[in-house]
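First listed ligand is number 1; within each ligand, the first listed atom is number 1. Sequence positions, counted from 1, serve as the residue numbers for this chain. Note that the coordinates shown come from a computational prediction; the quantities given were computed from them, not determined experimentally.
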Amino acid sequence: MDKILVELGSRSYPIYIGSDLISQSELYLQHIKSKQVVVISNETVAPLYLDTVLSQLETFQVTTVILPDGEQFKTLDYVTRIFDELLANKFSRNATLIALGGGVIGDMGGFAAACYQRGINFIQIPTTLLAQVDSSVGGKTGVNHPLGKNMIGAFYQPQCVIADANVLDTLDDRQLSAGLAEVIKYGLIRDSEFFIWLEENMPALLARDKKALSYAIKKSCLNKAEIVSEDETETGVRATLNLGHTFGHAIETGSGYGVYLHGEAVAIGTCQAVDLSRRKGWLTDTDVERIINLFKRCHLPTTPPNNLNAERFIDLMSVDKKNVDGQIRVILLKKIGEATLPIGVNTEDLKETLDAYGR
Ligand code: NAD
Ligand code: GLY
């Protein structure tokens, strides 16, 4: 088992990465601080892994909340169901919430943990590749609003993250590819050696080679842990993790939540950010080709949907947490392995990419 520390002073916590971790009761016991435990999961993940988790918790007073599966249910209404269960069972402030699922369950569970009685203990058990390499680490929690993705939320760090590579066996290929989009992101924004490793090892990752997957999860978590330790609340370098996300969130909101997977929208958005970076003279045509090629080899989409024209894109992109005084700001690439901080873009430059790219 690998153990990576997210260093945040008294709120530091470990990310455990390995195989068969969800059946290791001592991992839970170290981080649960009272008798009361609530496990949040969804209708797809619960039948697969809930029993294994519950059998490690036999000495606790455990309740479960099983939510419907899908990005469209990542709303305040469904978070309220968690509060209903906690209150109905008279859960106290020292209770522990365990989020067992992908990024949707992790974000919702974390947000519920942040809000219930102003904050209870929280453990992340990410079960998708995307959640293991990104969403479970770093404390961003929240829900969507019909007018904007992830617009309601809180920074709230877990007590630990338990990333068990074996649970990825049941993940379908489309979801695996979506997770790889966020893995590629680390190579692009700060780790050119990892980008080259990904180019060389993509066949092994797609074939679910355990050694390759574990290495990619570990490298991603190391990169993310360093960034979060340096800039927990995104006043600087953490924003680089949003490469492709301003475009991507517009695609998710504009297409209707759940039509594109988050990782798919991020892949398209990254290709758009890369196009803009080339127009700025920072990336060469060869860089652009390498990046788009890598997404294509992962079977990820690289062009935006035709029903979102430039005007609609700009409207959607103007609801983004990076924007300042209403100006759209995006992360671009200076080169493979180096991202900019958020850059204000004028509408004309943006329109060039939005009009030309992929059409
Ligand atoms: P998801 O949670 O919807 O999971 C994808 C699908 O896989 C779901 O149908 C789920 O039920 C299923 N699933 C999960 N684990 C499985 C398993 N082991 N076997 C079989 N099926 C399984 O999506 P996701 O891609 O994990 O996460 C996307 C969400 O994460 C988005 O809402 C995005 O905004 C959020 N996100 C948050 C952060 C953050 O920092 N908090 C970062 C990136 C993404
Ligand atoms: N996924 C972006 C972040 O955690 O900041």
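- At a 4.0 Å heavy-atom cut-off, ligand 1 touches K140 through backbone and side chain alike.
- Nearest heavy-atom pair across N121 and A113 is O-CB, 4.5 Å.
- Set against the non-hydrogen atoms of G102, the atoms of ligand 1 under 4.0 Å away are 2 (O), 26 (O).
- Shortest non-hydrogen contact noted between G103 and T128 is N-OG1, 4.1 Å.
- With a 4.0 Å heavy-atom cut-off, ligand 1 is reached by the side chain of D107 but not by its N, CA, C or O.
- In this structure, D275 pairs ionically with R278, as a charged nitrogen and a carboxylate oxygen lie closer than 4.0 Å.
- Ligand 1 has no nitrogen or oxygen under 3.5 angstrom from a nitrogen or oxygen of E182.
- Atoms CD1 and CD1, from I162 and I123 in turn, are 5.5 Å apart once rounded to the nearest 0.5 Å.
- The shell of residues lying under 4.0 angstrom from ligand 1, judged by heavy atoms, includes K149.
- Of all heavy-atom pairs spanning C160 and H31, the tightest one is SG-CD2, 3.5 Å.
- The residue among T170, V45, D172, L241 with a heavy atom at the shortest distance from atom 20 (C) of ligand 1 is T170.
- Distances shorter than 4.0 angstrom do not occur between any heavy atom of K185 and any atom of ligand 1.
- Between T96 and Y28, the side chains place no donor N or O within less than 3.5 Å of an acceptor N or O (distance only, hydrogens not considered).
- When R238, E182, H245 are checked for heavy-atom proximity to atom 5 (O) of ligand 2, R238 turns out nearest.
- The number of heavy-atom neighbours closer than 6.0 Å to CD of E311, taken from other residues, nucleotides and ligands shown, is 12 or below.
- The local environment of CD in Q72 is crowded, with over 12 non-hydrogen atoms from other residues, nucleotides or ligands closer than 6.0 Å.
- Here V104 has heavy atoms under 4.0 Å from ligand 1 in both its backbone and its side chain.
- Scanning the protein heavy atoms around atom 31 (C) of ligand 1, the nearest turns out to be E71 OE1, 3.1 Å.
- The distance from ligand 1 to the heavy atoms of N150 drops below 4.0 Å at these ligand atoms: 34 (O).
- With ligand atoms numbered from 1 in the order given, ligand 1 contributes 17 (C), 18 (N) to contacts under 4.0 Å with heavy atoms of V167.
- Among protein heavy atoms, the minimum distance from atom 5 (C) of ligand 1 is reached at Q175 OE1, 3.2 Å.
- A salt bridge does not link E234 with K321: every distance from a Lys NZ or Arg NE/NH1/NH2 to an Asp or Glu carboxylate oxygen is 4.0 Å or more.
- Contact analysis puts D69 in contact with ligand 1, with a non-hydrogen atom separation below 4.0 angstrom.
- Within the 4.0 Å heavy-atom criterion, the part of D134 lying near ligand 2 is the side chain and not the backbone.
- The aromatic rings of W197 and F194 sit parallel to each other, their planes meeting at less than 30°, with 60° as the upper class boundary.
- Under 3.5 Å, the side chains of K322 and T246 contain a donor-acceptor pair of N or O atoms.
- The N42 neighbourhood of ligand 1 comprises atoms 10 (C), 11 (O), with distances under 4.0 Å to a heavy atom of that residue.
- Of the protein's non-hydrogen atoms, the one nearest atom 15 (N) of ligand 1 is T127 OG1, 2.7 Å.
- Between E182 and K185, at least one side-chain N (NZ, or NE/NH1/NH2) sits under 4.0 Å from a carboxylate O, which counts as a salt bridge.
- Taking a 6.0 Å sphere around CD of E26, one finds it holds more than 12 heavy atoms contributed by other residues, nucleotides or ligands.
- Of all atoms in ligand 1, numbered sequentially from 1 with element shown, those under 4.0 Å from a heavy atom of Y49 are 18 (N).
- Atom NZ of K296 has 12 or fewer heavy atoms from other residues, nucleotides or ligands within 6.0 Å.
- Nearest to atom 28 (C) of ligand 1 among the protein's heavy atoms is L130 CD2, 3.9 Å.
- Protein heavy atom closest to atom 22 (C) of ligand 1, with residue, atom name and distance, is L171 CD1, 3.6 Å.
- Of all the atoms in ligand 1, the ones that sit under 4.0 Å from a non-hydrogen atom of K74 are 31 (C), 32 (O), 33 (C), 34 (O), 35 (C).
- Contacts between K224 and ligand 2, counted as non-hydrogen atom pairs separated by less than 4.0 Å, involve the side chain only.
- Note on K224 versus D134: salt bridge recorded, some NZ/NE/NH1/NH2 to OD/OE distance being below 4.0 Å.
- Under a 4.0 Å criterion applied to the non-hydrogen atoms of L48, ligand 1 contributes the atoms 19 (N), 20 (C).
- Considering G101, G103, G70 only, the shortest heavy-atom separation from atom 23 (O) of ligand 1 involves G103.
- Heavy atoms of L168 found under 4.0 angstrom from ligand 1: none, in either backbone or side chain.
- Residue N242 has no N or O atom closer than 3.5 Å to an N or O atom of ligand 2.
- For the residue pair T80/D77, the side-chain donor-acceptor check at 3.5 Å is not satisfied.
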* To do: Give the intermediate values and the outcome of side chain to side chain donor-acceptor pair (under 3.5 Å) for residues E85 and T63.
  => CA-CA 8 Å; E85 183 71 16; T63 185; 2.5 Å; yes
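- Compare V137, D134, T128, D169 by their heavy atoms: the one nearest to atom 43 (C) of ligand 1 is in D134.
- Counting heavy atoms under 4.0 Å from ligand 1, residue K224 touches it through the side chain alone.
- Among protein heavy atoms, atom 39 (C) of ligand 1 sits closest to S135 CA, 3.5 Å.
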